[in-house]
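By convention here, the first residue in the shown sequence is residue 1. Every number for a ligand or one of its atoms is a count from 1 in the order of the listing.
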Amino acid sequence: MEAAELRVGFVGAGRMAGGVARGLLLAGKVPAGNILASAPSDRNLGAFRESGCRTTHCNLEVLQDSTLVFLATKPHVLPGVLQEIRPAVCPHHIIVSLAAGVTLQTLQRLLPAGTKVLRLMPNLPCVVQAGAMVFSRGDGAGEQEAALLKSLLSSCGLCEEVPESYINIHTGLSGSGVAYVYLFAEALAEGAVKMGMPGPLASRIAAQTLLGAAKMMLETGEHPAKLRGDVCTPGGTTIHALHQLEKGALRATVMNAVEAATNRACDMGKD
Ligand SMILES: NC(=O)C1=CN([C@@H]2O[C@H](COP(=O)(O)OP(=O)(O)OC[C@H]3O[C@@H](n4cnc5c(N)ncnc54)[C@H](OP(=O)(O)O)[C@@H]3O)[C@@H](O)[C@H]2O)C=CC1
Ligand SMILES: O=C(O)[C@@H]1CCC=N1
């Protein structure tokens with residue numbers, strides 16, 4: 001299907017829905033007039049309207065209007081939403097859930113048999129077209145639906161199809177991982193403030209440091225341990241700092257964080 005013909009709906013219009021919609025619009029993948037978003041309040045719908053998209057308070061209207069429907073409510077709200085929209089779900093619909101933890105098995109159980117359903121895990125930098133997304137398809141979704149989703153979401157960042165068992169791990173690594181990185185950025189900047197640098201300058205430099213380090217990792221393809229070694233002068237500043245981080249068990253703590261978030265996503269998926 002040509003992107004210009006595709007009608008895209010969002011049930012739930014918050015941060016992630018807004019981020020995905022923005023990526024689609026900026027890349028010219030879907031015209032604004034072909035996007036319809038629903039939410040109970042106007043809190044987030046205004047931003048959609050300002051971009052030229054249509055909005056409604058009625059979730060069923062999104063199903064009636066759209067072929068590709070993103071379910072972008074919080075996970076605890078999703079079962080009620082699925083119950084509400086189920087009568088309006090038809091074979092032509094492609095349903096994509098963004099909800100953390102909610103399994104394909106649950107989605108398939110709560111939707112009509114044979115529904116083309118996919119489970120996507122994005123992360124917040126989709127908002128600036130630098131997201132990291134993975135998705136898996138349910139039994140009713142084929143290569144064509146996967147290719148369509150991948151092509152559309154490439155406008156929001158990296159997007160790969162993976163076995164469903166990786167989705168909760170991606171949540172711990174990247175969906176939640178963005179927050180660990182902000183914590184690290186905050187700590188970097190506060191260290192600089194402690195040493196006398198003004199806060200706003202320290203924050204900008206912390207962000208650019210993360211951006212540059214990430215860009216080098218992606219562009220060189222080198223293992224981070226190799227790149228870290230390249231920064232360390234024998235007897236120099238970096239190795240003294242890294243010793244402190246090792247004493248604080250930074251690596252083990254971050255690994256524990258990924259494990260905790262992954263386990264939490266698994267628990268959230270239990271019926
Ligand atoms: N935030 C993140 O970094 C990530 C989030 N996710 C997943 O994305 C999903 C959305 O998260 P996020 O965008 O942060 O959440 P937000 O709280 O920003 O947005 C949730 C949206 O759902 C709407 N909503 C609430 N109840 C209903 C309902 N009954 N019917 C229709 N819409 C409803 C809200 O309405 P209103 O506007 O009126 O409040 C709001 O627009 C979640 O399932 C989360 O697990 C995945 C990866 C990363
Ligand atoms: O905290 C959460 O549950 C969601 C999923 C990943 C990021 N935010």
Under the side-chain contact (heavy atoms from CB on, under 4.5 Å) rule, what do E259 and T262 come out as? Steps first, then yes or no, please.
CA-CA 5 Å; E259 185 178 6; T262 304; 5.8 Å; no
Is there any N or O on [X] that sits under 3.5 Å from an N or O of ligand 1?
X	value
V81	no
G14	yes
N123	no
G175	no
V77	no

May I ask which of A39, A13, S38 has a heavy atom nearer to atom 21 (C) of ligand 1 than the others do?
A13
If you measure from atom 44 (C) of ligand 1 to every heavy atom of I85, L98, L71, L120, which option wins on shortest distance?
L98
Among all protein heavy atoms in this structure, tell me which lies nearest to [atom], with the distance rounded to 0.1 Å.
atom	value
atom 2 (C) of ligand 1	M16 SD, 3.8 Å
atom 18 (O) of ligand 1	R15 N, 3.0 Å
atom 38 (O) of ligand 1	S41 OG, 2.5 Å
atom 34 (C) of ligand 1	P40 CD, 4.2 Å
atom 48 (C) of ligand 1	P122 O, 3.7 Å
atom 42 (C) of ligand 1	T73 O, 3.2 Å
atom 23 (C) of ligand 1	G12 CA, 3.8 Å
atom 7 (C) of ligand 2	G175 O, 3.4 Å
atom 12 (P) of ligand 1	K74 NZ, 3.7 Å
atom 1 (O) of ligand 2	S176 OG, 4.5 Å

Whether over 12 other heavy atoms sit under 6.0 Å from [X] [atom1]:
X	atom1	value
R264	CZ	no
H240	NE2	no
Y180	OH	yes

Cluster link M16 to L118, ILVMFWY, side chain under 4.5 Å
yes
Could you state whether L63 and L110 fall into the same hydrophobic cluster, counting links through intermediate Ile, Leu, Val, Met, Phe, Trp or Tyr residues with side-chain heavy atoms under 4.5 angstrom apart?
yes
Using a 4.0 Å cutoff against the non-hydrogen atoms of [X], which atoms of ligand 1 qualify?
X	answer
A72	10 (C), 20 (C), 21 (C), 22 (O)
A100	43 (O), 45 (O)
N44	36 (P), 37 (O), 39 (O), 40 (C), 41 (O)
P75	42 (C), 43 (O), 45 (O)
N59	30 (N), 31 (C)

Without swapping roles, check the side chain of [X] against the backbone of [Y] for a donor-acceptor pair under 3.5 Å.
X	Y	value
K29	S151	yes
H170	A132	yes
N59	V11	no

Checking contacts now, so for atom 5 (C) of ligand 2, which I'm interested in, is there any protein heavy atom under 4.0 Å?
yes
How are the rings of F10 and F48 set to each other: parallel, tilted or perpendicular (split at 30° and 60°)?
tilted
If we ignore angles and hydrogens, is there a donor and acceptor under 3.5 Å between the side chains of N123 and S174?
yes
Going by atom types alone, do R49 and T55 pair a side-chain donor with an acceptor below 3.5 Å?
yes
Should you measure from each heavy atom of A100, which atoms of ligand 2 turn up under 4.0 Å away?
5 (C)
Ligand 1 contact on M121 by region, counting heavy-atom pairs under 4.0 Å:
side chain
Short N-O contact, E145 and R137, less than 4.0 angstrom
no
V181 vs L210, side-chain contact (heavy atoms from CB on, under 4.5 Å): CA-CA, chis, key distance, verdict
CA-CA 8 Å; V181 172; L210 295 178; 3.6 Å; yes
What are the two closest non-hydrogen atoms of A141 and V117, and how far apart are they?
CB-O, 3.8 Å
